[in-house]
Amino acid sequence: MKNIVILATGGTIAAVSQSVAATTAYQSGIVPIAELLNEIRPLTNLANITSEQVAQIDSADMSHELWLFLANRINSLLQQPDVDGIVLTHGTDTMEETAYFLNLVVNSDKPVVLVGAMRPSTAISSDGPMNLYNAIVLAASDAASGKGVLVALNDTVNSSRDVTKTNTALQDTFKAPELGYLGYLIDGQPHFYRLPARKHTYLSEFRIDELAILPKVHIIYGYVDDGGALVRAAVKDGAQGIVYAGLGNGNMSQHMQKVFNEIRQQGVVVVRSTRVGNGVVTKNGAVDDDEYGFVAADTLSPQKARILLMLALTKTRQPDEIQKIFETY
Ligand code: ASP
């Protein structure tokens, strides 16, 4: 049997509501992982399971400090020959960010699977127990190794790079809308149909074991007639990088080109992402990146571009080198 370690951080999978019919009004991060496991214990003869309650939070309260702790803990667990895979229970609101961060800084090809639930543990037909069971199945499977950090909810397997929460309340929320699921979990079996093509985990160049903090990067949302006040405030706050959730193909007004050019001259790295939700932000497409020294975010959402930029800034502040990083991960 495989040895699986579950690291628990809270979220709706551990939430409690006043009424069994309440699916959105509840308190996250209440039920301990030991109790959640008890619900599915009779089914889990497929792995030796140990668990650690690392935190008990709503994932809105996830922090860089906790990310670094989790990444270091996962790296050290996966170095042990007697640990075969990790399941991380997590709130769904920021799950995609934690998953992508770990995808870049976990240096192992062993399975790491993030799981949560959309319905609190007290709801009728809560999705937590089946999701947790499936996540353990996946983490204990040979099929999941070498595929990067995975997100498993609602009987589907997603790549952490591409997945996003697409619906505020429904169980069918985690998707990579255009790029697609990696596979399904059906009757206790993973079924894979595609592979992540970008570098991750054991092939990643990023190391966090000696990092105490992450470089400051803010996201600025694009809109009509933006005067640039928030960009200047972000730089005043000490941002080393800005991700612009730009218009269309990472587009910006002529005024915002000047504002971003101004902060570029001060050494702040500017990454153009998009508020559109799908598609590629192409280098030198809507904006001449070569002229301004901007970086195009490729298909990364603003929140994921921010994570890659923070890690890139631990290596370099050169836009052309950071552009290569965005084309690699
Ligand atoms: N607010 C919750 C959280 O992210 C939502 C969830 O887990 O579904 O912790």
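With contacts defined as side-chain heavy-atom distances shorter than 4.5 Å, the pair Leu78/Val106 qualifies. Side-chain contact check for Tyr100 versus Val163: every heavy-atom pair is 4.5 Å or farther apart. Counting heavy atoms from C-beta outward, Pro196 and Leu182 have side chains that approach closer than 4.5 Å. A 4.5 Å side-chain heavy-atom check between Val269 and Ile322 finds at least one atom pair inside the cut-off. When side chains are defined from C-beta on, Val137 counts as touching Pro190, because their heavy atoms get closer than 4.5 Å. When side chains are defined from C-beta on, Thr173 does not count as touching Asn154, because their heavy atoms never get closer than 4.5 Å. With a 4.5 Å cut-off on side-chain heavy atoms, Ile6 and Leu88 do not count as touching. Looking at His218 and Asp237, their side chains come closer than 4.5 Å, going by heavy atoms from C-beta outward.
By the 4.0 Å N-to-carboxylate-O rule, Arg232 lies close enough to Glu262 to be salt-bridged with it. Between Asp84 and Lys110 no salt bridge is recorded (no basic side-chain N to carboxylate O distance below 4.0 Å). The pair Asp162-Arg194 does not meet the salt-bridge criterion, since no charged nitrogen lies less than 4.0 angstrom from a carboxylate oxygen. By the 4.0 Å N-to-carboxylate-O rule, Arg198 lies close enough to Asp298 to be salt-bridged with it.
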*Using the side chain to side chain contact (heavy atoms under 4.5 Å, CB included) rule, take Phe260 and Tyr244 through it: C-alpha gap first, then chi angles, then the decisive distance, then the call.*
CA-CA 9 Å; Phe260 280 122; Tyr244 187 53; 3.5 Å; yes
*Please test Leu214 against Leu211 for side chain to side chain contact (heavy atoms under 4.5 Å, CB included), starting from the C-alpha separation and ending with a verdict.*
CA-CA 7 Å; Leu214 293 169; Leu211 268 188; 3.7 Å; yes
_Could you walk me through whether Lys283 and Glu327 satisfy the salt bridge (Lys or Arg N to Asp or Glu O under 4.0 Å) test, starting with their C-alpha distance in whole Å, then the side-chain angles of each, then the deciding distance to 0.1 Å, before giving a yes or no?_
CA-CA 10 Å; Lys283 185 168 164 59; Glu327 285 159 12; over 6 Å; no
*When you look at Val112 and Leu150, which way does the side chain to side chain contact (heavy atoms under 4.5 Å, CB included) test go after all the steps?*
CA-CA 6 Å; Val112 177; Leu150 302 171; over 6 Å; no
*Step-by-step side chain to side chain contact (heavy atoms under 4.5 Å, CB included) determination, Val113 to Ile86*: CA-CA 6 Å; Val113 179; Ile86 303 285; over 6 Å; no
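When atom types are taken as modelled, the side chain of Gln53 and the backbone of Ala55 share a donor-acceptor pair closer than 3.5 angstrom. In this structure, the side chain of Arg275 engages the main chain of Gly222 through a donor-acceptor pair within 3.5 Å. In this structure, the side chain of Arg264 engages the main chain of Gly293 through a donor-acceptor pair within 3.5 Å. Side-chain atoms of Arg73 never come within 3.5 Å of backbone atoms of Val54 as a donor-acceptor pair (strictly under, hydrogens ignored). Remark: the backbone N or O of Thr166 is not paired with any side-chain donor or acceptor of Thr164 at under 3.5 angstrom. Using a distance-only test at 3.5 Å, with no hydrogens or angles considered, a donor-acceptor pair links the side chain of Asp127 to the main chain of Met118. Remark: side-chain polar atoms of Arg272 are not paired, donor with acceptor, to backbone N or O of Val243 under 3.5 angstrom. No donor-acceptor pair under 3.5 Å is formed between the side chain of Ser17 and the backbone N or O of Pro120. Looking only at distances, a side-chain donor or acceptor of Lys2 sits under 3.5 Å from a matching main-chain atom of Ala140. Side-chain atoms of Thr9 come within 3.5 Å of backbone N or O of Thr89 as a donor-acceptor pair.
For CD of Glu210, the number of neighbouring non-hydrogen atoms (other residues, nucleotides, ligands) closer than 6.0 Å is 12 at most. Sparse packing is recorded around CD of Gln27, with 12 or fewer heavy atoms of other residues, nucleotides or ligands lying under 6.0 Å away. Crowding of Asp187 atom CG: a count of heavy atoms from other residues, nucleotides or ligands under 6.0 Å not exceeding 12.
A side-chain donor from one of Thr299 and Arg161 sits under 3.5 Å from a side-chain acceptor of the other. In the model, Asn134 has a side-chain atom that pairs as donor or acceptor with a side-chain atom of Asp155 under 3.5 Å. Asn107 and Ser204 are not linked by any side-chain donor-acceptor pair at a separation below 3.5 angstrom, with hydrogens and angles left out of the test. Inspection of the Gln80 and Asp82 side chains reveals an N or O donor paired with an N or O acceptor under 3.5 Å. Under 3.5 Å, the side chains of Asn284 and Asp290 contain a donor-acceptor pair of N or O atoms. No side-chain donor from either of Gln257 and Asn261 sits under 3.5 Å from a side-chain acceptor of the other. Tyr223 and Asp226 are linked by a side-chain donor-acceptor pair at a separation below 3.5 angstrom, with hydrogens and angles left out of the test. Side chains of Thr12 and Tyr26: a donor on one and an acceptor on the other come within 3.5 Å. There is no side-chain donor-acceptor pair under 3.5 Å between Ser121 and Ser126. In the model, Thr98 has a side-chain atom that pairs as donor or acceptor with a side-chain atom of His90 under 3.5 Å. Side chain to side chain, Tyr329 and Glu205 meet the donor-acceptor criterion of an N or O pair below 3.5 Å.
Between the CD1 atom in Ile57 and the OG atom in Ser28 there is a gap of 9.5 Å [rounded to 0.5 Å]. Distance check, rounded to the nearest 0.5 Å: CE of Met62 to CG of Leu66 gives 4.5 Å. Between the NZ atom of Lys147 and the OG atom of Ser141 there is a distance of 7.5 Å, given to the nearest 0.5 Å. Taking OG of Ser160 as the reference point, atom CG of Leu114 lies at 8.0 Å (rounded to 0.5 Å). Atom CG of Leu77 sits about 5.5 Å away from atom CD of Glu52, to the nearest 0.5 Å. For the atom pair CD1 of Ile242 and CD1 of Ile220, the computed distance is 5.0 Å after rounding to the nearest 0.5 Å.
Proximity of the aromatic rings of Tyr181 and Tyr193 is defined here by a centroid distance below 6.0 angstrom, and this criterion is not met.
Both Val115 and Leu37 are members of a single hydrophobic cluster when ILVMFWY side chains are connected at heavy-atom separations under 4.5 Å. At a threshold of 4.5 Å between side-chain heavy atoms, the hydrophobic network of Ile, Leu, Val, Met, Phe, Trp and Tyr places Leu70 and Leu132 in two separate groups. Hydrophobic clustering of Ile, Leu, Val, Met, Phe, Trp and Tyr side chains at less than 4.5 Å, counting indirect connections, unites Ile13 with Ile49. No continuous path of ILVMFWY side-chain contacts below 4.5 Å connects Val287 to Val276, so the two sit in separate hydrophobic clusters. Clustering ILVMFWY residues whenever any of their side-chain heavy atoms sit less than 4.5 angstrom apart, transitively, puts Tyr202 in a cluster other than the one holding Val149.
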